[in-house]
Amino acid sequence: MGEKKKNVVGSGKMSSVPDGKKLVRSPSGLRMVPENGAFNSPFSLDEPQWVPDKECPSCMQCDKKYDFLTRKHHCRRCGRCFCDKCCSKKVALPRMCFVDPVRQCGECSLVSQKEMEFYDKQLKVLMGGGSFIVTLGTSKKSETMMCRLSNNHRYLFFDGESHFEVELSRISSMQVLTEESTPEGGNSRASGMLLHYKPTGSQDPQQLRMEAADDKKTASSWLAAMHKAAKLLYEARDQ
């Protein structure tokens, strides 16, 4: 089911992005991708170009020469060529939409394993949402709104008396705001976030300030998850 359309203050209508998927086969394995490639998750990574066989006569990790017994394998994440020993792990790679775990080199498998926490936990937190006091631009008027990540990971939806969205790909910066967790000091916790983005259909930057509302624990967890999402978002842009 696609996400419902909602009226938006100042930007037309809430986007209704189809989230239909199709199964495709690539040289690396089976992938479940959006039917329209323009609707890829902003966290997704493109499959790498494999290093041509003729350019890798030996393992790019241990330098072992390939022969009849020593076969070459390509890491599905980086595309480099390795022997079986250096590229034996099959690890889930949701950022490339693979259906099953795929072969990866040691270095890439560690990165992918760390990312699984985000896909298993943080994404659920972001889609579950949190309650925030939201201020747009330099306005003196604030509104308590529920903020959540859309099912296709492309938008932040804000719902209160008014409704609007922020497309993740149009966010230029995110700054997490913190406060001391106890009056005596000590560990700090996320209490809000400052976003700079360009509204859909506009090239003029907009500022959005979010501050935790009543349920500060849930809001803090949501902000921490959003901080991790920002790291993956910027990495995907730099690919």
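Only this structure's heavy atoms are used, side chains among them; waters, hydrogens and symmetry mates stay out. Throughout, residue positions are numbered sequentially from 1 according to the sequence presented.
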Main-chain N/O of T135 paired with S139 side-chain donor or acceptor, under 3.5 Å: no
Give the table of side-chain donor-acceptor pairs shorter than 3.5 Å for residues 52-64, with sequence neighbours excluded, one pair per line with atom names and distance.
from	atom 1	to	atom 2	distance (Å)
S58	OG	D63	OD1	3.0

For the backbone of V134 and the side chain of R209, can you confirm whether one donor and one acceptor N or O come within less than 3.5 Å of each other? no
If only atom types and distance count, is the side chain of W222 paired as donor or acceptor with the main-chain N or O of L126 below 3.5 Å? yes
Check whether more than 12 heavy atoms from other residues, nucleotides or ligands sit under 6.0 Å from atom NZ of K72, and answer yes or no. yes
Give the C-alpha distance, both sets of side-chain angles, the deciding distance and a yes or no for side-chain contact (heavy atoms from CB on, under 4.5 Å) between L156 and C147. CA-CA 7 Å; L156 293 180; C147 178; 4.3 Å; yes
Tell me every residue that passes salt bridge (Lys or Arg N to Asp or Glu O under 4.0 Å) with K89, counting only those two or more places apart in sequence or in another chain. none
Given ring pair (Phe, Tyr, Trp, His ring centres under 6.0 Å), test F118 with F43 step by step and report yes or no. CA-CA 11 Å; F118 174 77; F43 306 122; 5.3 Å; yes
Using a 3.5 Å distance criterion without hydrogens, assess whether the side chain of R76 forms a donor-acceptor pair with backbone atoms of H74. yes
Can a side-chain donor-acceptor contact be found between T178 and S191 if the only test is distance below 3.5 angstrom? no
Does this structure show an ion pair linking E117 with K228, if we count only N-O contacts that are shorter than 4.0 Å? yes
Judged by atom type as modelled, is there a donor-acceptor pair below 3.5 Å linking the side chain of R170 to the main-chain atoms of S202? yes
Salt-bridge present (R77, E107; N to O < 4.0 Å): no
Residue K216 excluded, over 12 heavy atoms near NZ under 6.0 Å: yes
Who pairs with E143 by salt bridge (Lys or Arg N to Asp or Glu O under 4.0 Å), at least two apart in sequence or on another chain? none
Linked hydrophobic residues, V24 as query - side chain contacts closer than 4.5 Å: V33
May I ask you to check whether over 12 heavy atoms, not counting those of Q207, lie within 6.0 Å of atom CD? yes
Above 12 or not: heavy atoms from other molecules or residues under 6.0 Å from CG of D67? yes
For the residue pair P48 and M96, what are the closest heavy atoms and their distance? CD-CE, 3.9 Å
Checking L93 against Q104 for the side-chain contact (heavy atoms from CB on, under 4.5 Å) test, could you report, in this order, the C-alpha distance in whole Å, the side-chain angles of both residues, the deciding distance, and whether it holds? CA-CA 9 Å; L93 186 47; Q104 297 177 56; 3.9 Å; yes
Spell out, as yes or no, whether a donor-acceptor pair under 3.5 Å connects the side chain of Q206 to the backbone of Y197. no
Mark yes when over 12 heavy atoms from residues, nucleotides or ligands other than H73 sit less than 6.0 Å from its NE2; otherwise mark no. yes
Taking the six-membered ring for Trp and the full ring for Phe, Tyr or His, determine whether the centres of F164 and F157 are under 6.0 Å apart. no
Would you check, one step at a time, whether the test side-chain contact (heavy atoms from CB on, under 4.5 Å) holds for E161 with M145? CA-CA 8 Å; E161 291 185 6; M145 310 185 81; over 6 Å; no
Can you list the residues that meet the salt bridge (Lys or Arg N to Asp or Glu O under 4.0 Å) rule with D84, with sequence neighbours excluded? R103
Side-chain H-bond candidate by donor/acceptor type, H196 with S173, under 3.5 Å: yes
Applying salt bridge (Lys or Arg N to Asp or Glu O under 4.0 Å), can you list everything that pairs with R95, at least two apart in sequence or on another chain? E115, E235
